Amino acid sequence: DYTAIADAVYTFAQSQSDPLAGPVSEALQVIDDAFDEWGQEHIALSFNGGKDCTVLLHLVAASLGRRSPSPQRRPLAAVYIPVPSPFLQLEAFIADAARAYDLDLFRCPPPPTPSIPAASASSTPVLPVESVATPGSAGPPATLDGGGETQRPKHAKGGEGMRVALELYKARFPHVEAILIGTRRGDPHGAQLGFRNPTDAGWPRFVRVNPIINWAYADVWAFLRRFRVPYCSLYDEGYTSLGSTYNTFPNPALRIVDGEGSCGDAKGGFASSSSASPASTAPAPMCVGEVHLPGLDDLSTDHQRGVGEEPRGGGGGRRERYRPAYELLDGALERAGR
């Protein structure tokens, strides 16, 4: 129910006492301005199931809920560019979220996955392209080959795979002029971005709209937990940043060793509870404040809260457990598991 989401989120954005209200109000203004300028038919949402774009999805739903009555509302266009070897839990969450939020989701074909050389003491595996939260960024700097020709690394974050996927999307949906993206300033290629940035030279022409560019890691989790927005279950298993299965692991800053009762890396730290969240983190019907949102209740309980644990090898059968992502206090360690 976009209308219920809108009522709850816009009311909260006017709060004078909660520090999260400022970032929420700022993001809503950026989204509203984009819809005012281009209209819904010329805008798409970049959605890969991560925590940041899940926040953005809920904010966009609020904006649309405020401007369009339910009977007249069209599904929101969205694009998903998968990484090679995505997590099954992430894929399931994306499908569930697309149904719950009534997304017209276009899944770009994944880039071909090259063979990965075996690691050795003298070599590092060449990893396939990963999508990052900044479609249209140039990626790593160009280099010159032996003949003086400019070359860009093919297997680089934000590189060729992302560009090809966006070319496909532009050819299929030429009317889309702007893409809403959940990039934050601490993300790769995010430091110099503003609320709106055109794609770089050589990329399909879009305007990248970054409503939560100024949000911190803590803001993301405060929002998701304040509004009880369902998110991918991997975040409850200690993952704090999601990529491909072969280069993404639970964050060591959230590790708990059985019998020790403490985090494996004191630099990260974790809170015993979140000041921005309900006291209980048990699975519960989806709601915003006291507003029941039946349209979102269909999201699988696999994506609801609860500290997960993951068996790891070695250690004589010892199991390692991890605190949930929202308990990481030091946002600078967000990508420590990548």
Side-chain angles (χ1 to χ4, degrees), residues 1 4-15 17-28 47 49-62 89-90 93 96-97 100-101 182 184 186 211-212 214-242 250-251 253-254 256 263 268-308 322-331 333-334:
D1 186 345
I5 295 175
D7 290 344
V9 174
Y10 277 90
T11 298
F12 174 79
Q14 298 173 5
S15 171
S17 58
D18 195 311
L20 182 62
V24 169
S25 178
E26 178 182 80
L28 289 172
F47 188 70
K51 61 188 181 302
D52 300 326
C53 62
T54 300
V55 165
L56 182 57
L57 171 61
H58 204 72
L59 289 167
V60 171
Q89 298 96 320
L90 186 65
F93 171 71
D96 287 349
Y101 284 87
R184 292 185 289 115
I212 64 170
N214 292 324
W215 285 39
Y217 178 86
D219 295 332
V220 170
W221 284 110
F223 182 90
L224 291 174
R225 303 194 77 216
R226 168 64 179 80
F227 293 101
R228 302 186 70 185
V229 179
Y231 53 79
C232 179
S233 61
L234 290 169
Y235 289 116
D236 284 332
E237 299 175 12
Y239 293 85
T240 54
S241 179
L242 301 180
N251 194 319
L254 294 173
I256 306 169
C263 184
F270 49 83
S272 58
S273 62
S274 171
S275 60
S277 66
S280 172
T281 58
M286 182 63 192
C287 65
V288 175
E290 296 301 319
V291 181
H292 183 58
L293 301 179
L296 301 185
D297 285 344
D298 294 334
L299 284 182
S300 168
T301 55
D302 289 343
H303 311 306
Q304 301 286 345
R305 291 106 177 114
V307 178
Y322 293 84
R323 300 281 181 175
Y326 56 78
E327 294 193 359
L328 182 70
L329 294 183
D330 186 354
L333 296 176
E334 178 180 355

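Note that the structure is predicted; figures quoted are calculated from it, not measured.
Between the side chain of D96 and the backbone N or O of F93 there is no donor-acceptor pair closer than 3.5 Å. At least one donor-acceptor pair closer than 3.5 Å links the side chain of N251 to the backbone N or O of L333.
In plain terms, the two heavy atoms of P211 and L56 that are nearest each other are CG-CD1, 3.6 Å.
The aromatic rings of F227 and H58 sit tilted, their planes meeting at an angle between 30° and 60°.
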Test side chain to side chain contact (heavy atoms under 4.5 Å, CB included) on F47 and V60 and set out the steps.
CA-CA 12 Å; F47 188 70; V60 171; over 6 Å; no
Mind running side chain to side chain contact (heavy atoms under 4.5 Å, CB included) on W215 and V55 for me, showing each step along the way?
CA-CA 11 Å; W215 285 39; V55 165; 3.6 Å; yes
Show your reasoning for whether side chain to side chain contact (heavy atoms under 4.5 Å, CB included) applies to R184 and V220.
CA-CA 10 Å; R184 292 185 289 115; V220 170; 3.7 Å; yes
Going through the checks in order, is the side chain to side chain contact (heavy atoms under 4.5 Å, CB included) test met by Y217 and T240?
CA-CA 10 Å; Y217 178 86; T240 54; 3.4 Å; yes
Might you work through the side-chain hydrogen bond (donor to acceptor under 3.5 Å, both in side chains) test for D236 and Y231, ending with a clear yes or no?
CA-CA 9 Å; D236 284 332; Y231 53 79; 2.8 Å; yes
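Here the straight-line distance linking atom CG of L328 with atom CD of E334 works out to 8.0 Å at 0.5 Å rounding. Distance CD1/I212 to CG/L28: 11.5 Å, rounded to 0.5 Å. To the nearest 0.5 angstrom, C232 atom SG is 11.0 Å from K51 atom NZ. If you take CH2 on W221 and CG on L20, they are separated by 14.0 Å, rounding to the nearest 0.5 Å.
Y101 has its side chain within reach of I5: a pair of non-hydrogen atoms, C-beta onward, lies under 4.5 Å apart.
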